[in-house]
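Following: one structure in structure tokens, then a few remarks.
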Amino acid sequence: MPQSGRAMRRIRKELELLWIDPPAFCRPGPAPVTDLFHWEVVIDGPHGSPYAGGTFPVGVAYPKDYPFHPIKLTFRTNVYHPNIGPEGRVALDIFGSEWRPSLTISTALLSVVSVLHDPLLDRPVRRDAARLYKRERGLFEHKARDWTRRYASAPVASFYPAGTETFEEAAASGAVARRRSCGAGQWRSFAARLPCIQP
């Protein structure tokens with residue numbers, strides 16, 4: 001089987017798992033997936049962080065030789081954070097030198113949610129945010145909350161396929177869009193209605 005065929009098979013499984021049991025504070029994106037190598041997820045700002053109440057669409061880009069090279073995640077809205085660059089790119093070791101083929105979109109998303117709570121300050125991509133976080137934490141959180149209100153306050157509905165559709169039919173029809181609250185396991189009730197995605 002060609003490498004891209006193996007990658008597509010694995011990505012489909014990861015996408016199905018995201019529909020059935022997404023990581024905490026993460027959910028499917030607003031549109032049907034028409035290209036397995038480029039799609040969106042939504043991260044709802046985690047409670048207890050200055051991003052709480054925000055809704056963050058995130059672009060997911062898979063390399064053609066996935067899982068041997070890392071996924072790239074890019075926030076579609078402005079986020080004031082030491083590990084998220086001005087262009088929205090998430091800069092963490094697991095998206096570079098620490099990537100392993102055993103990692104998945106779910107583990108990548110959990111890593112992003114984790115740094116929204118606790119930024120990694122050893123190698124920040126937004127140095128001004130890292131300095132402010134270290135020196136004046138309250139001011140950093142005020143600015144991060146302000147950016148969240150300004151850029152990430154619009155609600156975003158998640159797309160879910162109807163229970164009788166295949167992956168390809170769901171992408172073509174634009175079957176279902178729902179707004180769900182964040183948290184692990186919030187979508188388990190939809191599991192029975194989701195299609196089994198075939199390779």
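Basis for what follows: all heavy atoms, side chains included, without hydrogens, waters or symmetry-related copies.
The two residues Ser158 and Tyr160 have their closest heavy-atom pair at CB-CE1, 3.6 Å. Here the closest heavy-atom approach between residue Ala52 and residue Thr148 is recorded as O-CG2, 4.3 Å. Pairing each heavy atom of Ala129 with each of Phe140, the nearest pair is O-CD1, 3.6 Å. In terms of heavy-atom proximity, Pro86 sits nearest to Asn78 at O-OD1, 4.4 Å. In terms of heavy atoms, Ser49 sits closest to Pro46 at OG-O, 2.7 Å.
Take Tyr62 and apply the side chain to side chain donor-acceptor pair (under 3.5 Å) test, not counting sequence neighbours, and it matches Glu14. When the side chain to side chain donor-acceptor pair (under 3.5 Å) test is applied to His38, the partners found at least two apart in sequence or on another chain are Asp35. Glu141 is linked by a side chain to side chain donor-acceptor pair (under 3.5 Å) to Arg137, counting only residues two or more places apart in sequence or in another chain. With sequence neighbours excluded, no residue forms a side chain to side chain donor-acceptor pair (under 3.5 Å) with His117.
Residue Arg27 holds its CZ atom at 6.0 Å from OG1 of Thr55, rounded to the nearest 0.5 Å. The structure places CZ of Arg150 at 12.5 Å from OG1 of Thr77, a figure rounded to the nearest 0.5 Å. Taking CG of Asp44 as the start and OH of Tyr51 as the end, the distance is 15.5 Å to the nearest 0.5 Å. Residue Tyr151 holds its OH atom at 12.0 Å from CZ of Phe56, rounded to the nearest 0.5 Å. In this structure, CG on Leu73 lies 7.0 Å from CD1 on Ile43, to the nearest 0.5 angstrom. Arg76 contributes atom CZ, which lies 5.0 Å from atom CD of Glu40 (distance to the nearest 0.5 angstrom).
Side-chain contact check for Asp128 versus Pro82: every heavy-atom pair is 4.5 Å or farther apart. In this structure the side chain of Val79 never reaches within 4.5 angstrom of the side chain of Trp147, judged on heavy atoms. Between Val90 and Thr74 there is no side-chain heavy-atom pair separated by less than 4.5 Å. Taking the side chain as every heavy atom from C-beta outward, Val41 and Cys26 never approach each other to under 4.5 Å. Annotation: side chain of Ile105 is not in contact with side chain of Ile11 (no heavy-atom distance under 4.5 Å). Side-chain contact between Phe159 and Pro30 is absent, with no heavy-atom pair separated by less than 4.5 Å.
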What side-chain donor-acceptor pairs closer than 3.5 Å can you find for residues 106-116, not counting sequence neighbours?
| unit_1 | atom_1 | unit_2 | atom_2 | d |
| --- | --- | --- | --- | --- |
| Thr107 | OG1 | Thr104 | N | 2.8 |
| Thr107 | OG1 | Thr104 | O | 2.8 |
| Ser111 | OG | Thr107 | O | 3.1 |

Test Val42 against Val58 for side-chain contact (heavy atoms from CB on, under 4.5 Å), laying out the working first. CA-CA 6 Å; Val42 175; Val58 177; over 6 Å; no

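Aromatic ring centroids of Tyr66 and Phe37 lie 6.0 Å or more apart.
Taking the six-membered ring where tryptophan is involved, the planes of Phe25 and His47 are perpendicular, since the angle between them exceeds 60° and thus also 30°.
Residues Val60 and Leu17 do not share a hydrophobic cluster, clusters being chains of Ile/Leu/Val/Met/Phe/Trp/Tyr side chains in contact below 4.5 Å.
For the side-chain contact (heavy atoms from CB on, under 4.5 Å) test with Arg9, the passing option among Arg12, Arg6, Lys13 is Lys13; the others fail.
The stretch residues 83-99 participates, sequence neighbours left out, in these side-chain hydrogen bond (donor to acceptor under 3.5 Å, both in side chains) pairs: Asp93-Arg123.
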